[in-house]
Amino acid sequence: MKTTKSLLKIPLLFMLALSFTSMTPQQAESLVDSCDAAYGRQSYDEAYQYGLQALPLCEGTDLEADCLNLLAMICFRQSNFEQAINYAKRCYAIDARSGDPDVMSSSLNTLAGIFIGANQPKEAEKYILKAIDLAQQANNPARMAVLQGMASEVYHALGDDVEALEHITQACDIEQQLGRTDKLAMRQAQKASVLIGLHQYAEAEDILKTAIPTLLEVGDYHSLGIADNKMGMAILQLGRNEEAIPYFKQAALIFTQMGDLANEMHAQRGLYECLYKSDPDSANLHLARFDLLKDSLYSNATAEMMARYDAEFRLDQLKQENEMHQQAQQSQQRRIRLIIGLCVLLVVTVVLVLWWAHRRMKKREQALEQYFAQRQLTHQSAAAGNTEDAPSEAAVEARPNGADNEFMSRLDGAVQKALSQGGLSVEAVANEMCITRGQLNRRVKAITGVTTQQYILHLRLEQARQLLESTQLPVSEIGYQCGFDDATSFSRAFKRTFGLSPTQCRTME
């Protein structure tokens, strides 16, 4: 029977997994937005369910840190400090890798708040001071107001209310400059708490009279509950116990509905202190509830978990993570510089290779020009048959010898024949001269300094130039007679060799 039930669970689990894997990034974003909205409404149980659904879909995306931060804050509001720190730790690890001082300060603020809730203000101080330093780098006034408010809570919990008052006053000033009346009311509630610590109960009562109506109007019930607790405490210390009871009762109701055990515990204690003389039975009920909440919040297991997470999140660890991030940035910058250097080297190499190839081509063209000029000089001298216009001794020495002239004349004839038959190639020319291709290449190279292919191309172009100068044949026809299949390739080769197009050459003549 158990086996059958297990088998029935398999399709259900498969369908559940399939439903998650089929969700789109837009659906994951929608779940995070729903979580945020529920948190804003202070419906923490609903927000937590949305966050749990969204988290596996957000892994590896930009939404992961936002989702983790929301879950940390939700667990904190529900006094589940162990789980809150777990989420906050994962969130900070992501934000630290980003290197953004603004988001890093936000994560550190969350951690500080959780340690305050866990009654470990000394550890919270490390995180909030680091967060304030990062917020100053980011130059974000709104973030600074939040951090100064948290710093006030930290020093209030440490018993240094003078320092706490300085921080909360700065937070109130910033909120007033920003024109955020709802946030200002929340800061005023915090300031009242510090004033109570300094025994300035009347001042605390006055500031809460301003803050409470605003908090009620904007619907910030969590801050309203805190303000009610503080108002009850201030009035209780002024000796007006009966007036304090409604504030403590309203705070207890708010925090019970929200599941905020820590703040409900303070409300229950306030009710006990208000009633222990006038109504001992009711006072004992509130005291029993207070003890139950206290035991739930500060059990040995939770204390041990806090100590373990404290070791993992101590300030030295944060500095080490920041140093690792800086080293990663420096390493990335070195890689970028190396890549840029290699790119520059590659560009320089390509430019040098192209320059060398161009220079080599020019040398070959000059060698061919010199060779053809020498041949023309030889033909002119032979035609003249006298020494009236005899060339210089240097020109005579540069002329090819008789055997070379005979070989090159045979080569020119073979090229012309191959052109007329439409099968011009080095192989065809070599066969016509009854030698191998290798022998032909070596002989031509020795005489002209260029390969047979290059010599034949130049010979064809020289022939084309002569036809351009001596005939009125169309340019395309001349190119075809000289072995070029189309006018474009002919024009390109002609201009590359002589520096001007066939048409320009004819116009100049």
Side-chain angles (χ1 to χ4, degrees), residues 360-473 475 477-485 489-500 502 505-506 509:
R360 185 178 179 187
M361 182 180 70
K362 285 297 182 183
K363 284 186 176 181
R364 288 174 177 174
E365 290 175 354
Q366 290 172 1
L368 284 170
E369 288 284 354
Q370 184 180 6
Y371 173 76
F372 280 103
Q374 290 169 356
R375 285 188 61 186
Q376 186 176 7
L377 184 60
T378 300
H379 293 320
Q380 289 174 353
S381 298
N386 55 59
T387 59
E388 293 179 2
D389 298 319
S392 65
E393 292 182 3
V396 171
E397 290 177 359
R399 294 175 184 174
N401 58 41
D404 290 343
N405 277 333
E406 181 183 356
F407 178 82
M408 296 307 293
S409 295
R410 288 176 55 208
L411 175 59
D412 291 352
V415 171
Q416 294 298 330
K417 184 175 180 180
L419 275 173
S420 64
Q421 294 175 350
L424 181 61
S425 68
V426 177
E427 290 288 348
V429 173
N431 291 337
E432 181 65 26
M433 297 181 69
C434 299
I435 58 176
T436 66
R437 177 172 179 161
Q439 291 172 329
L440 176 61
N441 279 328
R442 285 192 295 273
R443 189 72 181 275
V444 172
K445 184 76 173 179
I447 297 171
T448 66
V450 297
T451 65
T452 305
Q453 189 73 36
Q454 292 167 344
Y455 174 79
I456 292 174
L457 174 61
H458 201 87
L459 183 64
R460 292 158 57 198
L461 293 171
E462 281 288 346
Q463 181 182 346
R465 183 163 65 174
Q466 292 174 12
L467 291 173
L468 287 167
E469 294 172 357
S470 60
T471 72
Q472 293 301 317
L473 290 171
V475 172
E477 179 62 27
I478 292 174
Y480 180 74
Q481 288 188 16
C482 295
F484 292 93
D485 294 333
S489 59
F490 167 55
S491 179
R492 189 179 294 115
F494 193 93
K495 187 170 185 178
R496 186 171 56 247
T497 301
F498 299 119
L500 67 167
C505 177
R506 173 171 280 172
E509 293 299 329

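All of these numbers come straight from a predicted model, not from anything done at the bench.
Contact of the Arg443 side chain with the Asp404 side chain is registered, since non-hydrogen atoms from C-beta on lie closer than 4.5 Å. For the pair Val444/Gln454, no side-chain contact is recorded, criterion being any heavy-atom separation below 4.5 Å from C-beta on. Contact annotation: the side chain of Arg465 never approaches that of Leu461 to less than 4.5 Å [non-hydrogen atoms, C-beta and beyond]. In this structure the side chain of Ile435 reaches within 4.5 angstrom of the side chain of Phe407, judged on heavy atoms. Put simply, the side chain of Ile478 does not reach to within 4.5 Å of the side chain of Pro502, judged on heavy atoms. Using a 4.5 Å heavy-atom threshold, the side chains of Leu411 and Leu440 count as touching. Using a 4.5 Å heavy-atom threshold, the side chains of Thr471 and Arg506 count as touching. Side-chain atoms of Phe498 and Cys505, non-hydrogen and from C-beta on, never get closer than 4.5 Å to each other.
Asp412 CG to Ile456 CD1: the interatomic distance, rounded to the nearest 0.5 Å, is 9.5 Å. Between the CG atom of Leu500 and the NZ atom of Lys495 there is a distance of 8.5 Å, given to the nearest 0.5 Å.
If you check the side chains of Asn441 and Tyr455, you find no donor sitting under 3.5 Å from an acceptor.
For Gln453, the CD atom is loosely surrounded, since the number of other residues' heavy atoms within 6.0 Å does not exceed 12.
Side chain of Arg410 to backbone of Met433: a donor-acceptor contact under 3.5 angstrom is found. The backbone N or O of Glu427 lies less than 3.5 Å from no partner atom in the side chain of Arg437, so there is not a single donor-acceptor pair.
The side-chain hydrogen bond (donor to acceptor under 3.5 Å, both in side chains) test with Gln463 singles out one residue from Gln481, His458, Gln416, and that residue is Gln416.
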